[in-house]
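After the structure tokens below, expect a handful of questions from me.
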Amino acid sequence: MQVTSSVRPPLVTNGKTKKDVTNDICKQVEGAPSTAWKISFAMALITLFYGGYCLWTTWYMGIGMWGLNKTIGWSWDITNFGWWVGIGHAGTLISAVLLLFRQKWRTSINRAAEAMTIFAVICAATFIIAHMGRPWVGHWVLPLPNNNGSLWQNFNSALMWDVFAISTYFTVSLVFWYVGLIPDFATIRERATGIRRVIYGALSMNWDGSAKTWSRYEAVSLVLAGVSTPLVLSVHTIVSMDFATSLIPGWHTTIFPPYFVAGAIFSGFAMVLTLMLVTRVVFKLEDYITINHIESMNKIIVLTGSIVGIAYITEFFIAWYSGVPYEKYAFINRAFGPYWWAYASMMTCNVISPQLFWFRKVRTSILWTFILSIVVNIGMWFERFVIICTSLHRDFLPSSWSYFSPTLYDVGDYLFTFGLFFTCFLLFAKYFPVINMAEVKTIIDSSSEKK
């Protein structure tokens with residue numbers, strides 16, 4: 001008996017040829033900015049300037065402008081730092097891990113995901129610098145020779161590990177992103193004239209498209225993917241150790257490293273979906289970012305969301321099983337204390353809402369995917385907020401108990417990163433090819449819809 005397997009849905013629809021791929025992607029770079037792009041860019045700039053004013057005021061007046069107090073010292077800034085680092089995780093995962101596993105569906109979304117990683121890490125770094133209070137001495141965290149007396153970095157500190165992990169992550173991600181852009185810059189160079197040809201020619205680094213050049217390109221891509229893959233696990237593992245190496249109830253737990261990594265991939269994929277769905281409509285890329293891509297990403301979201309849900313339950317079980325009254329109280333206080341609304345929001349957004357993706361009708365719906373991707377990122381922000389504030393606002397001494405409420409400058413510093421992120425992403429989407437033309441062309445023959 002002959003068994004015939006069903007054909008997988010095409011990754012490129014409407015019978016696009018390699019020439020069509022070049023024309024469709026390049027016209028977004030070569031054409032004048034659309035009205036929608038101009039409005040979005042103006043809104044991003046307004047947000048950036050307002051946030052920049054709040055950030056400058058914070059630096060000028062001191063971090064007392066924030067709503068933090070002697071008990072809840074990390075509060076808003078480290079919440080947002082962890083959130084932005086988590087968002088940056090999907091780019092490396094899509095680019096490196098899925099490349100090593102030869103997943104063809106990554107080709108249309110890896111470029112934007114890589115760009116998102118770089119911009120998100122930059123946004124995360126702004127909170128570290130702002131939290132210092134004296135950003136002009138930020139270089140003191142680096143292992144550099146100095147003349148400031150007996151100033152030595154503490155290599156036993158998880159905060160020091162953050163510096164190395166995130167700077168390495170940013171550097172490798174930036175190189176990976178740029179190397180992938182080189183063949184596409186060469187394609188745009190050949191179509192451009194005047195100053196545009198000079199600029200894209202410099203960016204393409206004299207790419208000639210020979211077999212030897214392509215061989216070296218593919219070898220470098222695999223090496224970078226191999227280097228990047230451990231970073232997916234190590235970076236947010238090290239970020240989690242900022243908390244796990246402490247003695248504060250609710251923080252000193254061994255579940256944090258895998259729990260943070262799963263949560264980072266969870267929020268990162270949600271942000272990629274949010275950006276790609278908007279890009280898909282604005283730049284008319286429905287034939288390249290298909291329902292099949294969206295469904296594959298939603299499957300990863302439901303998997304990582306379920307892992308995060310198990311981690312939440314495990315935390316409560318271990319708090320009860322430990323028999324430590326302070327640990328028990330920390331988790332009871334999370335769920336039923338003054339911040340119960342934040343905990344309820346976290347559980348609803350991160351555990352309940354992703355389960356809707358078990359239904360194929362939901363995970364293949366553009367509207368539902370867009371809504372739930374935003375809901376997931378709201379929930380992941382609340383997760384960081386709950387971990388930090390609920391563990392700090394109830395100290396061992398009742399006389400130290402407090403409550404954190406953000407000020408306008410807290411919110412303004414957060415808005416600054418949104419303005420910075422979307423300003424960078426919109427410039428990238430307009431002047432760089434938002435889809436990897438070279439990689440999409442490699443799957444045209446095997447994964448495109450035939451006319």
Side-chain angles (χ1 to χ4, degrees), residues 66-68 72 74-87 89-90 120 123-124 127 236 239-240 243 249-251 253 255-256 259-260 262-271 273-274 298 301-317 319 329-358 362 367-394 402-408 410-411 413-415 417-418:
W66 292 345
L68 46 71
I72 312 175
W74 277 9
S75 59
W76 194 262
D77 53 325
I78 304 300
T79 296
N80 296 323
F81 161 74
W83 187 74
W84 278 115
V85 171
I87 282 175
H89 256 54
C123 290
F127 286 103
H236 227 57
V239 170
S240 75
F243 308 97
W251 284 6
T253 170
I255 199 175
F256 265 20
Y259 160 27
F260 268 49
I265 296 170
F266 181 50
S267 61
F269 266 81
M271 182 60 89
L273 271 172
T274 303
N298 284 336
I301 286 178
V302 74
L303 170 64
T304 51
S306 300
I307 294 172
V308 168
I310 291 171
Y312 294 160
I313 297 168
T314 303
E315 281 188 309
F316 263 90
F317 171 76
Y329 177 78
F331 282 92
I332 292 172
N333 182 59
R334 277 187 188 180
F336 304 106
Y339 287 108
W340 67 268
W341 51 271
Y343 188 83
S345 300
M346 177 190 79
M347 293 296 288
T348 303
C349 296
N350 293 348
V351 180
I352 297 173
S353 68
Q355 304 309 315
L356 294 173
F357 285 137
W358 285 104
V362 176
L367 178 61
W368 274 107
T369 298
F370 183 72
I371 293 171
L372 290 175
S373 67
I374 294 173
V375 167
V376 164
N377 267 310
I378 292 172
M380 288 307 295
W381 186 90
F382 274 112
E383 179 200 281
R384 271 76 173 202
F385 181 81
V386 165
I387 288 172
I388 293 165
C389 285
T390 62
S391 297
L392 291 175
H393 88 118
R394 290 289 183 261
S402 185
Y403 189 87
F404 168 76
S405 297
T407 66
L408 288 176
D410 285 295
V411 177
D413 291 349
Y414 188 39
L415 289 176
T417 56
F418 272 97

Looking only at heavy atoms, which two atoms of Cys349 and Pro354 are closest? And how far apart? O-CD, 3.4 Å
Distance col, row Phe404:CZ vs Thr390:OG1, nearest 0.5 angstrom, shows 13.0 Å
Which pair of non-hydrogen atoms, one from Ala344 and one from Thr348, has the smallest distance, and what is that distance? O-OG1, 2.8 Å
Check for me whether the distance between the ring centres of Tyr339 and Tyr403 falls short of 6.0 Å. yes
Can you tell me how far the OG1 atom of Thr253 sits from the CZ atom of Phe331, to the nearest 0.5 Å? 6.5 Å
Greater than 12 external heavy atoms within 6.0 Å of Trp251's CH2: yes
Under 30°, 30 to 60°, or over 60°: which ring-plane class applies to Phe385 and Trp341, parallel, tilted or perpendicular? tilted
Decide side-chain contact (heavy atoms from CB on, under 4.5 Å) for Asn377 and Ile87; before the verdict, give the C-alpha distance in whole Å, the side-chain angles of both, and the deciding distance to 0.1 Å. CA-CA 8 Å; Asn377 267 310; Ile87 282 175; 3.8 Å; yes
Assign the ring pair Phe418 / Trp83 to parallel, tilted or perpendicular, where the plane angle (0 to 90°) is split at 30° and 60°. tilted
Distance, nearest 0.5 Å, that separates CZ of Arg384 from CE of Met346: 11.0 Å
Testing Trp76, Trp84, Phe81 one by one against Trp381 for a ring-ring contact (aromatic ring centres under 6.0 Å, His included), which residue passes? Trp76
Within the distance-only criterion (no hydrogens, no angle test), does the side chain of Arg394 pair as donor or acceptor with the backbone N or O of Gly337 below 3.5 angstrom? no
Euclidean distance, Ser345 OG relative to Phe382 CZ, rounded to 0.5 Å: 4.5 Å
For the side chain of Ser391 and the backbone of Ile388, is there at least one donor-acceptor N/O pair under 3.5 Å apart? no
Taking all atoms of both residues into account, what is the closest heavy-atom pair of Val362 and Thr369, and its distance? O-OG1, 3.9 Å
Step through the shown structure and confirm whether more than 12 heavy atoms of other residues, nucleotides or ligands are within 6.0 Å of CG on Leu408. no
Shortest non-hydrogen contact between Thr274 and Ser373, atoms and distance: OG1-OG, 2.8 Å
List the steps and the verdict of side-chain contact (heavy atoms from CB on, under 4.5 Å) for Tyr259 and Glu383. CA-CA 11 Å; Tyr259 160 27; Glu383 179 200 281; 3.7 Å; yes
Identify the two heavy atoms, one from Ile72 and one from Leu68, that lie closest to each other, and give their separation to 0.1 Å. O-CB, 3.3 Å
Students often mix this up, so state it plainly: with edges at 30° and 60°, are the rings of Tyr414 and Phe127 parallel, tilted or perpendicular? tilted
From Leu273 atom CG to Asn298 atom CG, the distance as rounded to the nearest 0.5 Å: 5.5 Å
Using the six-membered ring wherever Trp is involved, compare the ring planes of His89 and His236 and label them parallel, tilted or perpendicular (cut-offs 30° and 60°). perpendicular
Can you see which heavy atom on Ala335 is nearest to which on Trp340, and at what distance? O-CB, 3.4 Å
Chi angles and distances behind the side-chain contact (heavy atoms from CB on, under 4.5 Å) call for Phe269, Thr304: CA-CA 10 Å; Phe269 266 81; Thr304 51; over 6 Å; no
Between CD of Gln355 and CG of Asn350, what distance do you get to the nearest 0.5 Å? 11.0 Å
Assess the residue pair Asn80 and Thr417 against the criterion (side-chain contact (heavy atoms from CB on, under 4.5 Å)); give the C-alpha distance rounded to whole Å, side-chain angles, the decisive distance to 0.1 Å, and a yes or no. CA-CA 9 Å; Asn80 296 323; Thr417 56; 6.0 Å; no
